[in-house]
Amino acid sequence: MLSKYGIVKLIIIHAQRDVTILLLGFFIAGLMHAFVPQKTFARHLAGTGWRSVIKSAAVGIPLPLCSCGVLPTAISMRRNGASRAAFTSFFNDVTFSF
């Protein structure tokens, strides 16, 4: 059984890990906003066909983000012109591949 201090220590460890991953998501979203032009998102991820879904999945699979860190990145993609289908594909691939 964990003592009172063991539980507090466990909460602090998990909070540090979650904040680190969330900051990584904000950092990647910031890089995408700064270095990837909005026209690129519109050209590759704005369509309603299957190509935009495949492209967003290909981008999402190798990223080391969890469900906390994927939110700012996916929202940034959506605001920059990605379609709903591409947004959903990216969000689900990153969440389930981590």
Side-chain angles (χ1 to χ4, degrees):
M1 182 162 219
L2 287 174
S3 68
K4 181 169 71 172
Y5 297 110
I7 292 172
V8 171
K9 184 177 179 181
L10 188 64
I11 290 172
I12 290 172
I13 289 170
H14 283 289
Q16 288 174 339
R17 184 196 65 194
D18 293 343
V19 167
T20 304
I21 292 171
L22 187 61
L23 288 176
L24 178 63
F26 280 120
F27 179 72
I28 291 173
L31 287 176
M32 289 168 57
H33 181 72
F35 295 112
V36 180
Q38 188 173 1
K39 291 179 183 178
T40 303
F41 282 106
R43 186 174 65 237
H44 291 289
L45 302 177
T48 56
W50 58 272
R51 288 184 179 143
S52 65
V53 174
I54 297 296
K55 288 178 183 179
S56 66
V59 169
I61 289 173
L63 287 179
L65 298 174
C66 73
S67 59
C68 296
V70 73
L71 284 173
T73 307
I75 290 171
S76 174
M77 287 176 63
R78 180 75 176 124
R79 287 183 180 167
N80 283 324
S83 67
R84 288 183 184 156
F87 168 83
T88 304
S89 175
F90 176 81
F91 184 79
N92 286 334
D93 280 344
V94 172
T95 303
F96 293 124
S97 65
F98 187 82

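This is a predicted model, so every value here is computed, not measured.
In this structure, Val53 and Ser89 approach most closely via the heavy-atom pair O-OG, 3.1 Å.
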Kindly list each side-chain donor-acceptor pair under 3.5 angstrom involving residues 72-79, sequence neighbours excluded, with atom names and distances?
unit_1	atom_1	unit_2	atom_2	d
Thr73	OG1	Gly25	O	3.1
Thr73	OG1	Gly69	O	3.4
Arg78	NH1	Ala82	O	2.7

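Other cluster members for Phe27: Leu31, Phe35, joined by side-chain heavy-atom distances under 4.5 Å among Ile, Leu, Val, Met, Phe, Trp and Tyr. In the hydrophobic clustering, Ile12 connects to Val8, either directly or through intervening members, whenever side-chain heavy atoms lie under 4.5 Å apart.
Atom CG in Asn92 sits 6.5 Å away from atom OG1 in Thr88 (nearest 0.5 Å).
Between Leu24 and Thr20, the closest side-chain pair of non-hydrogen atoms is not below 4.5 Å.
The side chain to side chain contact (heavy atoms under 4.5 Å, CB included) test applied to Leu71 returns Phe91, not counting sequence neighbours. Residues passing the side chain to side chain contact (heavy atoms under 4.5 Å, CB included) test with Val36 are Thr40, Phe41, sequence neighbours excluded. Here Ser52 pairs with Ser83, Ala86 under the side chain to side chain contact (heavy atoms under 4.5 Å, CB included) rule; sequence neighbours left out.
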key: Working for side-chain contact (heavy atoms from CB on, under 4.5 Å), residues Leu45 and Phe87   = CA-CA 8 Å; Leu45 302 177; Phe87 168 83; over 6 Å; no
